[in-house]
Participant: 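Pasting a structure here, questions to come.
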There are 2 protein chains.
Amino acid sequence: MPRAKKPAEDPPGRDREATERRFVEAAARVLARDGAAGLGVNAIATEAGADKKLIYRYFGGLDGVLEALGAATGVWIGDLAPTPTNAKARSDYGARMLAAFTAYAEKLRGDLVLQKLLAWELAGPSDALGRIDTARSRQMGKMMHAIRGDAVPPAGVDAPAINAIALAALNYLVLRGATTGSFAGLPLKTEADWKRATTALESLLAAAYEKNRWRKL
Amino acid sequence: MPRAKKPAEDPPGRDREATERRFVEAAARVLARDGAAGLGVNAIATEAGADKKLIYRYFGGLDGVLEALGAATGVWIGDLAPTPTNAKARSDYGARMLAAFTAYAEKLRGDLVLQKLLAWELAGPSDALGRIDTARSRQMGKMMHAIRGDAVPPAGVDAPAINAIALAALNYLVLRGATTGSFAGLPLKTEADWKRATTALESLLAAAYEKNRWRKL
DNA sequence: TCCGTATGTCACTACACGGTGACATACGCT
DNA sequence: AGCGTATGTCACCGTGTAGTGACATACGGA
């Protein structure tokens with residue numbers, strides 16, 4: 001099983017660290033290209049141009065590679081703390097959330113690996129998935145905390161629930177945009193499509209986080 | 001390959017229609033239990049307690065079974081036209097939408113097959129999926145049209161985009177509830193959890209569909 | 001220099017799956 | 001009753017995959 005159809009990069013040389021990196025990067029490429037279904041030791045080894053035996057030697061099996069992949073992925077999620085320009089935006093809870101969410105969505109749209117990971121997550125509980133997931137969900141929580149910062153949500157609104165709904169919608173729409181290209185009649189291909197979607201989300205969040213609006217009822 | 005570990009139901013007897021039904025129902029059970037990954041001719045035949053050869057004879061292959069499964073599934077989606085009690089609710093666009101969405105979410109939460117189908121859809125384009133999907137997406141459009149009815153959305157709001165966002169959030173939350181049991185810190189297990197989520201969605205939609213609210217800006 | 005070990009290579013087994021040909025049997029039509 | 005065909009059963013092949021044992025080779029320390 002020498003370097004097969006995909007030479008990927010230059011000859012491995014006799015370097016364990018480099019080889020391990022090759023495997024993890026190969027796993028990411030395979031996952032981005034073929035999804036969770038195509039993620040196996042054979043595919044990864046072929047993509048990395050190395051022998052699968054080394055996967056068992058260095059990672060103890062497929063799970064180890066996925067674990068390393070999970071550690072490598074999703075680090076950017078924790079770095080989404082927004083830096084609002086003016087003081088008003090800094091203290092406006094809704095504006096902060098919206099800015100962070102749109103930034104998150106844009107990043108996610110460009111991250112094929114994370115997309116497949118999210119889709120995989122919805123396919124059902126898997127022993128292999130657990131390894132990847134834990135690290136990422138921790139980062140997710142960290143992101144939520146960093147975004148909030150010192151801003152406080154208006155009283156009377158269930159901010160965690162509303163934020164979860166917004167995030168859920170974004171995740172789903174990005175995934176659908178990547179596969180079918182639209183959802184429920186809403187196109188999700190061009191940049192203009194996404195501008196429209198985020199504008200609609202903005203109107204939802206702005207209305208919900210409007211201060212004191214619940215007194216009016 | 002006689003009746004294997006899963007006898008499912010009584011002896012097949014020599015009845016083609018009944019056998020075909022067995023296969024489709026078996027496919028639904030396998031999909032609900034093991035997801036798209038476990039959906040294969042061997043698994044379906046074993047679950048149905050019949051021989052896989054008959055799958056090829058009667059359905060031409062796995063695709064035929066999935067097509068039949070798609071036709072059977074998703075029929076209820078078209079029957080979600082709400083019947084508002086009072087005249088106000090009938091004409092209130094936001095209320096109509098919210099009622100339909102919550103009803104849809106509740107149905108979806110109980111439909112394991114449709115859940116796996118939605119998750120499958122997000123895993124990437126698949127030749128097999130196309131067969132199932134088309135019929136269902138048509139039903140989806142019909143639902144949206146039936147819900148709207150004679151009510152018209154307030155001017156100045158992008159109703160299709162907002163509705164898509166709401167539906168996307170519900171789909172994602174239901175899927176996450178079925179797998180991880182929570183999302184972004186929002187628990188999605190108990191009935192109370194879902195009450196909380198739908199209440200938050202209600203606040204979002206009510207605020208967005210409030211008449212003339214955009215004049216205030 | 002020589003030897004031990006880490007690194008890499010290859011061949012092989014065991015297994016599950018999709019798919020098909022050959023056979024057995026029960027039903028219905030004439 | 002006899003026969004043709006639909007229905008059901010079984011054995012088999014080719015393929016792709018996970019995983020392992022055996023071997024080759026380069027590097028580094030005694």
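Below, chain A is the first sequence line, B the second, and so on; all start at residue 1.
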Participant: Are any of Thr19(A)'s side-chain N or O atoms less than 4.0 Å away from OP1 or OP2 of dT7(C)?
Facilitator: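 False: Thr19(A) side-chain N/O out of range (4.0 Å or more) of dT7(C) OP1/OP2.
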
Participant: Taking salt bridge (charged side-chain N to carboxylate O under 4.0 Å, His left out) as the test, write out the residues that go with Arg131(B), two or more places apart.
Facilitator: Asp63(B), Glu67(B)

Participant: Quick check on dG18(C): is either OP1 or OP2 less than 4.0 Å from any side-chain nitrogen or oxygen of Asn42(B)?
Facilitator: yes

Participant: Keeping to residues at least two apart or across chains, list the salt bridge (Lys or Arg N to Asp or Glu O under 4.0 Å) pairs with something in residues 179-188 of chain B.
Facilitator: none

Participant: Specify the separation, in whole Å, of atom CG of Leu54(A) and atom C1' of dG8(C).
Facilitator: 6 Å

Participant: Pair Lys195(A), Glu191(A) - check salt bridge (charged side-chain N to carboxylate O under 4.0 Å, His left out), show working.
Facilitator: CA-CA 6 Å; Lys195(A) 180 69 185 168; Glu191(A) 209 64 37; over 6 Å; no

Participant: What is the distance from CG of Leu39(A) to C1' of dA18(D), rounded to the nearest Å?
Facilitator: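 From Leu39(A) CG to dA18(D) C1': 14 Å.
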
Participant: Please state whether the phosphate of dA6(D), meaning OP1 or OP2, lies under 4.0 angstrom from any side-chain nitrogen or oxygen of Tyr58(B).
Facilitator: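 No, no such contact exists.
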
Participant: Atom CZ of Phe59(A) to atom P of dT20(D): distance rounded to whole Å?
Facilitator: 17 Å

Participant: My understanding is that only residues two or more places apart in sequence, or in another chain, count here; which of them pass salt bridge (charged side-chain N to carboxylate O under 4.0 Å, His left out) with Asp193(A)?
Facilitator: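 With sequence neighbours excluded, Asp193(A) shows a salt bridge (charged side-chain N to carboxylate O under 4.0 Å, His left out) to no residue whatsoever.
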
Participant: Look only at the side chain of Gln115(A) and the backbone of Leu108(A), and say whether a donor-acceptor pair between them is shorter than 3.5 Å.
Facilitator: yes

Participant: Rounded to whole angstroms, how far apart are CG on Leu62(B) and P on dG18(C)?
Facilitator: 7 Å

Participant: In the 5'-to-3' direction, what one-character label does each nucleotide of nucleotides 20-30 of chain C receive under the scheme B = base within less than 4.0 Å of a protein heavy atom, S = sugar-phosphate only, - = no such atom?
Facilitator: BBB--BB----

Participant: Could you state the atom-to-atom distance from CD of Glu17(B) to C1' of dT7(D) in whole Å?
Facilitator: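 Going from Glu17(B) (CD) to dT7(D) (C1'), I get 14 Å.
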
Participant: Return the value, rounded to whole Å, for the distance between atom CD1 of Ile55(B) and atom C1' of dT7(D).
Facilitator: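 In whole Å, dT7(D) C1' and Ile55(B) CD1 are 15 Å from each other.
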
Participant: Take atom CZ of Arg22(B) and atom P of dT7(D), then tell me their distance rounded to the nearest Å.
Facilitator: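 After rounding, the gap between these two atoms is 15 Å.
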
Participant: Who are the salt bridge (charged side-chain N to carboxylate O under 4.0 Å, His left out) partners of Asp34(B), not counting sequence neighbours?
Facilitator: none

Participant: Looking at residues at least two apart in the chain, or sitting in another chain, which of them share a salt bridge (charged side-chain N to carboxylate O under 4.0 Å, His left out) with Glu17(A)?
Facilitator: none

Participant: Arg16(A) has an atom CZ; how far is it from atom P of dG28(D), in whole Å?
Facilitator: 16 Å

